[in-house]
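The block underneath contains the structure these notes are about, expressed in structure tokens.
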Amino acid sequence: MHEPAGTGTESAAVPAEPQAGKETVRLPSQPVAPLAPWLILVGLCALLFFYGIHIGELYRTESLRAIVAAEFLRTGNWAVPTLYGEPLLTKPPGIYALIALASWPFGAVSEWTARLPSAWAATLTVLLFYWYGARHLGRIGGLVLAVSAPCSFLWLEKAGTAEIDMVQVFWVAAALMFFFRAMECYGLHCANSVRAEGDGTCRPARAGSRWLWWMLALLCVAGGVLTKWTAPVFFYPTALAFLAWHRRLRVLLRPEHLLSAVVAALLCLGWVALVAHQVGWDVFYQTVMQEALPRLSHAHHVATPLETITETALHPGKLWAVNLPWALLALLTFWPAYYRELPAGERWLATAFHAWAWPNLLVWTILPDHATRHSFPLFPGIVGLGALVAWRWLCGHLAGRAQRITALTLVVAAAVYTLAAIGFAGVALWRWPRESWLLAAIVSAITVWVAWETYASWRAGLRSGLFFGLVLLWCLVKLSYTHFYVPVRNAGREPRAKGLALREHVPEGQILYVFQAKDEGIMFYYGRPVRRLQNVEALPRTAEPQYFVLTEKEFEHFRRREDWKVDKAVRFPDEQGDPMFLVQARRVEPPILEAVRRLPPHRLARHEKNQPQRTQRTAEKNH
């Protein structure tokens, strides 16, 4: 029987060298303080996710999330997302509520408060990886697993932004780890899921533990549904694959799962009922279907058959490439020899990560929506497999070709991270003034030095030096990305400057109306009430000046109207550079109607009496 791997109570587990015909047994080495890995991870997360979240204007859809969250704070309605006074039900309220909650103590939504939920979600995901990995690999193994998770370019982009994707990754990761923990309670992995009795036998955990972990898992699924709808599409393929591998599919019929699923469903249906009560069931249903069908049905997906076939064929390779270098190491786990040599704890994790990665990869390849960020919640499964290979390599349990491939992969990854850090610093040479060139040179020099020391560690046979040098290089990529790229990625868009310019032309207290214009970046920095109307006729019936933003086509049509007088029209480009017009105008009577209304009462009555006859004669003449 395999010896149990680290359960979190023992220190780092450094395996002895494998011997032919003998099982590998993990032996405790130098003790590791229980809090040390947690402190290391908290410091790493503070640098990777929280550092620099105030830098740079809101980018792309960040502004949309921030505007809707600000509306939550203004109206107090946290159930129905609204944009410019209209319900926005393409996404549930989860991310907007989290942004509003993070901003509430400060009284308003800002760049950094809008990005706080993603930073917290990334941090909790990393800590969950350590918590679960340390149960099966020991503290050092859990640390290796946790620090590998955020070393990905998609994490670099999403972990510190006011976006939905990182929060959804957390919900899915938490749901699946709690599910795996629940499966331990059934005795699927005796060495780590049960208490060994004095006679060496094992008994499943108490029923209360199973209820707890199932309930936590399904509540996280509900959190994912209320954030981006898709959490069940990640959770249940993983659960089915994992249970099918262990031949325990009947677990899904147990009352712990069924009741937890009912509770989670009631939470989601409660929100649906509340929204339907406020905006109407037809509005809710039509909006959700318009959002969901293009992502779930090929018949509703806007793409030609050739484009669909091409996207489907390329999607697995695209996701594999995004997860390098860990995706390359993950392929090594398919070697039968690798799997046979795994001790119980690592085999359990390998099975869990395989169930997490590949069934979801298949599902999201079959579905028509192939945007990389929509598959983001399956990435931790791929990274987890790669990190397990790196852990065995660090422990000296890989030999021959697998060892050489792992070492070469990590060396190449270190070179790529070095080039990325220097490349982001190079942005300063053509986007920043010369005063910033010195800082860019310092960051580049430090990066080159760390890369050289990492390479030297590998040449000297210090595997831990290569691995943790790779992590340090990733931290330098983060610093370079934050200081040199983020501040200038909105160059040419300038949403803050344009939003503040709008404030100068619209008096405080006036509502700014929009029709077809869509530019949430500018409107967020405008920071005053904005309402969307279907057309100009829907504007309030008043003679007072009104303010609205028109596209170029709308403005050309509007300026020919006789019932409006343009007092001022300010032309400015939107974030994409297309022309828009801020218009100050007031309603006026058309000349003919105004002349008619100035008639004396007796002539006005005669005019109204004869008007139907004139209209009929005109129609006959035209006919």
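Just so you know, residue 1 is the first one in the sequence shown, and it goes up from there.
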If I take atom [atom1] from residue [X] and atom [atom2] from residue [Y], how far apart are they, to the nearest 0.5 angstrom?
{"X": "L145", "Y": "I140", "atom1": "CG", "atom2": "CD1", "value": "13.0 Å"}
{"X": "L35", "Y": "R139", "atom1": "CG", "atom2": "CZ", "value": "9.0 Å"}
{"X": "R135", "Y": "L349", "atom1": "CZ", "atom2": "CG", "value": "10.0 Å"}
{"X": "E256", "Y": "L212", "atom1": "CD", "atom2": "CG", "value": "12.0 Å"}
{"X": "L98", "Y": "T113", "atom1": "CG", "atom2": "OG1", "value": "12.0 Å"}
{"X": "Y96", "Y": "R65", "atom1": "OH", "atom2": "CZ", "value": "4.5 Å"}

Has the side chain of [X] got a donor or acceptor atom that lies under 3.5 Å from a matching backbone atom of [Y]?
{"X": "H257", "Y": "L252", "value": "yes"}
{"X": "S103", "Y": "I99", "value": "yes"}
{"X": "H374", "Y": "D369", "value": "no"}
{"X": "R463", "Y": "W393", "value": "yes"}
{"X": "H370", "Y": "L367", "value": "yes"}

Are the aromatic ring centres of [X] and [Y] under 6.0 angstrom apart?
{"X": "W155", "Y": "F379", "result": "no"}
{"X": "H136", "Y": "W391", "result": "no"}
{"X": "F234", "Y": "W364", "result": "yes"}

#### Entry: Parallel, tilted or perpendicular: rings of F153 and W474 (30°, 60°)
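Rings of W474 and F153: perpendicular, as their planes differ by over 60°.
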### Query
Using the ring of each side chain (for Trp, its six-membered ring), is W112 parallel, tilted or perpendicular to F106, with breaks at 30° and 60°?
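If you compare the ring of W112 with that of F106, the planes turn out perpendicular.
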Minimum heavy-atom distance [X]-[Y], with the two atoms named:
{"X": "A69", "Y": "V109", "answer": "C-CG2, 4.1 Å"}
{"X": "P34", "Y": "P37", "answer": "O-CD, 3.5 Å"}
{"X": "G384", "Y": "F353", "answer": "C-CD1, 3.6 Å"}
{"X": "S148", "Y": "F467", "answer": "OG-CZ, 3.4 Å"}
{"X": "Q168", "Y": "T230", "answer": "NE2-OG1, 3.0 Å"}
{"X": "A425", "Y": "S444", "answer": "CB-OG, 3.6 Å"}

Decide yes or no for [X] and [Y]: does some side-chain heavy atom of the first lie under 4.5 Å from some side-chain heavy atom of the second?
{"X": "H315", "Y": "S375", "result": "yes"}
{"X": "N490", "Y": "L58", "result": "no"}
{"X": "P93", "Y": "F72", "result": "yes"}
{"X": "E57", "Y": "F524", "result": "no"}
{"X": "W348", "Y": "L342", "result": "no"}
{"X": "P343", "Y": "H397", "result": "no"}
{"X": "F179", "Y": "W213", "result": "no"}
{"X": "I382", "Y": "W356", "result": "no"}

Which residues pass the side chain to side chain contact (heavy atoms under 4.5 Å, CB included) test with [X], not counting sequence neighbours?
{"X": "V443", "result": "L439, T447, S480, F484"}
{"X": "H483", "result": "Y51, I55"}
{"X": "V262", "result": "L266"}
{"X": "V450", "result": "I446, T454, L472, L473, L476"}

### Message
For E111, give me all partners under side chain to side chain donor-acceptor pair (under 3.5 Å), at least two apart in sequence or on another chain.
### Response
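With neighbours one apart ignored, the set is R496, Y525.
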### Task
Mind checking side chain to side chain donor-acceptor pair (under 3.5 Å) for Y455 and listing every partner two or more places apart, or none if nothing turns up?
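Partners of Y455 under the side chain to side chain donor-acceptor pair (under 3.5 Å) test: none.
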### Qualifying side chain to side chain donor-acceptor pair (under 3.5 Å) pairs with a residue from residues 38-48, counting only residues at least two apart or across chains
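Sorted result for residues 38-48: empty, none.
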### Task
Enumerate the residue pairs fulfilling side chain to side chain donor-acceptor pair (under 3.5 Å) with a member in residues 215-229, sequence neighbours excluded, ordered by first and then second residue.
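Qualifying pairs, neighbours excluded: D165-K228, W171-T227.
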### Task
Among F180, F235, Y236, find the one that has a ring-ring contact (aromatic ring centres under 6.0 Å, His included) with F242.
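Only one option passes, and that is F180.
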#### Entry: Within 6.0 Å of CH2 in W245, more than 12 heavy atoms from elsewhere
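Open: at most 12 neighbouring heavy atoms sit under 6.0 Å from CH2 of W245.
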#### Entry: W131, CH2: over 12 other non-hydrogen atoms inside 6.0 angstrom
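More than 12 heavy atoms, drawn from other residues, nucleotides or ligands, come within 6.0 Å of this atom.
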Does a side chain donor of either [X] or [Y] reach within less than 3.5 Å of an acceptor in the other side chain?
{"X": "S152", "Y": "N323", "result": "no"}
{"X": "E163", "Y": "S118", "result": "no"}
{"X": "Y132", "Y": "R181", "result": "no"}

### Message
Using a strict threshold of under 4.0 Å (side-chain N to carboxylate O), is an ion pair present between R115 and E62?
### Response
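Looking at R115 together with E62, the answer is yes, because their closest N to O distance falls below 4.0 Å.
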### Query
Where do L319 and F376 land on the side chain to side chain contact (heavy atoms under 4.5 Å, CB included) test, with the steps shown first?
CA-CA 9 Å; L319 296 188; F376 195 8; over 6 Å; no
### Query
Which is it for L361 and W358 under the side chain to side chain contact (heavy atoms under 4.5 Å, CB included) test, yes or no, and what are the steps along the way?
CA-CA 5 Å; L361 179 62; W358 312 121; 3.7 Å; yes
### Candidate pair L219 and L267, rule side chain to side chain contact (heavy atoms under 4.5 Å, CB included), full reasoning
CA-CA 9 Å; L219 288 178; L267 288 175; 3.6 Å; yes
### Task
Not counting sequence neighbours, which residues clear salt bridge (charged side-chain N to carboxylate O under 4.0 Å, His left out) with R248? List them please.
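Scan of R248 (salt bridge (charged side-chain N to carboxylate O under 4.0 Å, His left out), adjacent residues dropped) gives none.
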### Message
Could you work out, with salt bridge (charged side-chain N to carboxylate O under 4.0 Å, His left out) as the rule, every residue matching R60, not counting sequence neighbours?
### Response
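For R60, no residue satisfies salt bridge (charged side-chain N to carboxylate O under 4.0 Å, His left out) once neighbours in sequence are set aside.
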### Message
Could you work out, with ring-ring contact (aromatic ring centres under 6.0 Å, His included) as the rule, every residue matching Y481, not counting sequence neighbours?
### Response
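ring-ring contact (aromatic ring centres under 6.0 Å, His included) check on Y481 returns F424, Y485.
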Side-chain donor-acceptor contacts of residues 326-334 below 3.5 Å, not counting sequence neighbours, with atom names and distances?
unit_1, atom_1, unit_2, atom_2, d
W326, NE1, C151, O, 3.2
T333, OG1, A330, O, 2.5
T333, OG1, H354, NE2, 3.2

### Task
In sequence, state the C-alpha distance, the side-chain angles, and the governing distance for M166 and T161, and then conclude on side chain to side chain contact (heavy atoms under 4.5 Å, CB included).
CA-CA 8 Å; M166 195 71 246; T161 60; over 6 Å; no
